[in-house]
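Let me begin by presenting the structure, written as structure tokens, before commenting on it.
Because the structure is predicted, anything quoted here is derived from the model rather than measured.
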Amino acid sequence: MNRLEQGSMALRSVVFLAAMVVILAAVKTASDIVVPFLLALFVSIICSPLVRMLVRIRLPRGLAIFAVMAIVILLGIWLGSVVGSSINDFRSQLPSYRNQLTAQLAPALEYLAQFNIHLSTDEVKQQFDPGQLMGLATDILSGLGGLLANTLLIVLTVVFMLFEASGLSRKLHFALDDPQMRLQQIDRFLDSVNRYLAIKTLVSIATGVVVGIGLYLIGVDYFLLWALVAFLFNYIPNIGSIIAAVPAVALAFLQFGWTGAAATSVLYVAVNMVMGNVVEPRVMGRSLGLSTLVVFLSLIFWGWLLGSVGMLLSVPLTMIVKIALESSEGGRWIAVLLEGDPQIVSQPMQGQMTVEGKQ
């Protein structure tokens, strides 16, 4: 490579980085518009399989979209009522939970006093205030609740996206000067994104349902709220399951002591191991895992860029970027770096896994 080619490559790299900075600054500035749009895109991708299923049974497309959106709106209203009533009830029960915390900590503090470790009950209660149990859940859910002012905009955007979904592939082919539909990576990219988000949503729903039933059997308060949190945070692998488990385990400790906390911990560990390591890879047909470092960095990056909604959508957004990179020859090496398993050779997703020559 001569000096001229090296200078040209360096110039292209500088221009690319400068363009990325400008794009990210624009997205950050326009987050009030970008966040509702991304949420609408996310909802439309999830609803698209249901619409296609209803259309296959000879239901008019407009009626199918109306039926799906009615279900989504009713479900959103129900979830909002569950979250609101749970938070209000928790606040009314807060003095009782603080008394329970004192009773649970007393034996542990007496045991530590035998080793000359003297801790005040008031100091411990300040560090482990039950009022903080709802902190993480309310912060994330309030970020979603802040979008209620744009509910009409989001619903209308989802409806129009669902109407346009059937012709999106052909439009992209024409936009990329491929009217003969020869660029198969475009179709692979769209199918991969739809398939990933659809399956991830089904697995997240199953996770929330199993966690909710388990917490109900254990007797943990507000099991519906913790099931909703488990559903949302299941979009964030590895880290999300830990974050979702903390408030439920802490509340189980307040109610039932160490036994309840242990049972709740076992429930979360078992559910996430089965769903994350058995069900999800088998249903998807290949590993889609990102490395733990990439998951953590994407959580920070998208959270900084788009707020709490960006945190919840961080892994789906990163997976969309990864799938797009897999669909291009030039970006495939970046997709390999994002993989959690170095043995997996990234190929355009076709429902199979390629492992060093085996398919």
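F42 has its side chain within reach of I46: a pair of non-hydrogen atoms, C-beta onward, lies under 4.5 Å apart. Considering only heavy atoms from C-beta on, R61 stays 4.5 Å or farther from F66 through its side chain. Between C47 and V72, the closest side-chain pair of non-hydrogen atoms falls below 4.5 Å. Two residues are said to be in side-chain contact when any heavy atoms from C-beta on lie closer than 4.5 Å; N88 and S92 fail this criterion.
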Show, in sequence, the C-alpha distance, side-chain angles and deciding distance for L305 and V27, and conclude whether the side-chain contact (heavy atoms from CB on, under 4.5 Å) test is met. CA-CA 7 Å; L305 191 65; V27 171; 3.9 Å; yes
Derivation of the side-chain contact (heavy atoms from CB on, under 4.5 Å) call for S204 and Y235: CA-CA 7 Å; S204 298; Y235 286 101; 4.0 Å; yes
Can you list the steps and then say if S298 with L317 is a side-chain contact (heavy atoms from CB on, under 4.5 Å)? CA-CA 9 Å; S298 67; L317 289 172; over 6 Å; no
Please determine whether side-chain contact (heavy atoms from CB on, under 4.5 Å) holds for the pair L215 and Y268, giving the CA-CA distance in whole Å, both sets of side-chain angles, and the decisive distance to 0.1 Å. CA-CA 10 Å; L215 294 178; Y268 273 90; 3.8 Å; yes
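Using a distance-only test at 3.5 Å, with no hydrogens or angles considered, a donor-acceptor pair links the side chain of K200 to the main chain of N234. A side-chain donor-acceptor contact under 3.5 Å links K28 to the backbone of W304.
Note on V246: it does not cluster hydrophobically with V266, by side-chain heavy-atom contacts below 4.5 Å among ILVMFWY residues. Side-chain heavy atoms closer than 4.5 Å link hydrophobic residues (I, L, V, M, F, W, Y) into clusters, and following such links, even through other members, never connects V229 to V249. Clustering ILVMFWY residues whenever any of their side-chain heavy atoms sit less than 4.5 angstrom apart, transitively, puts V211 in a cluster other than the one holding V278. Transitive grouping of hydrophobic side chains (ILVMFWY, heavy atoms separated by less than 4.5 Å) keeps V209 and L202 in distinct clusters. The same ILVMFWY cluster, assembled from side-chain heavy atoms under 4.5 Å apart, contains both L24 and W302.
In plain terms, the two heavy atoms of T264 and A252 that are nearest each other are OG1-CB, 3.2 Å. The two atoms that bring G208 and A230 nearest to each other are CA-CB, 4.4 Å, heavy atoms only. Of all non-hydrogen atoms in L41 and M161, the two that sit nearest each other are CA-SD, 3.6 Å. Counting all heavy atoms, side chain and backbone alike, P36 lies closest to S31 at CD-O, 4.0 Å. Nearest heavy-atom pair across T201 and L197 is OG1-O, 2.7 Å. Shown here for V158 and A40, the closest heavy-atom pair between the two residues is CG2-O, 3.4 Å.
We find the CD1-CD1 distance between I73 and I154 to be 11.0 Å, quoted to the nearest 0.5 Å. The CG atom of L153 lies 10.5 Å from the CG atom of L39; values are rounded to the nearest 0.5 Å. One distance of note links CG of L299 with OG1 of T318; it measures 9.5 Å at 0.5 Å rounding. The distance from atom OG of S96 to atom CG of L254, rounded to the nearest 0.5 Å, is 9.5 Å. The OG atom of S265 sits 10.0 Å away from atom CH2 of W258, with the distance rounded to the nearest 0.5 Å. Within the model, atoms CZ of F233 and OG1 of T207 stand 14.0 Å from one another, a figure rounded to the nearest 0.5 Å.
In the hydrophobic clustering, M273 connects to V269, either directly or through intervening members, whenever side-chain heavy atoms lie under 4.5 Å apart.
By the 30° and 60° cut-offs, the orientation of the rings of W226 relative to Y222 is perpendicular.
Within 6.0 Å of CD1 in I300 there are more than 12 heavy atoms belonging to other residues, nucleotides or ligands. The local environment of CZ in F301 is crowded, with over 12 non-hydrogen atoms from other residues, nucleotides or ligands closer than 6.0 Å. Applying the 6.0 Å contact sphere to CZ of F256 captures more than 12 heavy atoms from other residues, nucleotides or ligands.
Scanning for side chain to side chain donor-acceptor pair (under 3.5 Å) contacts around D221 gives Y97, Q255, with sequence neighbours left out.
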Extract all donor-acceptor atom pairs below 3.5 Å that involve side chains of residues 52-60 and protein atoms in other chains or at least two apart in sequence.
residue, atom, partner, partner atom, Å
R52, NH1, S48, OG, 2.8

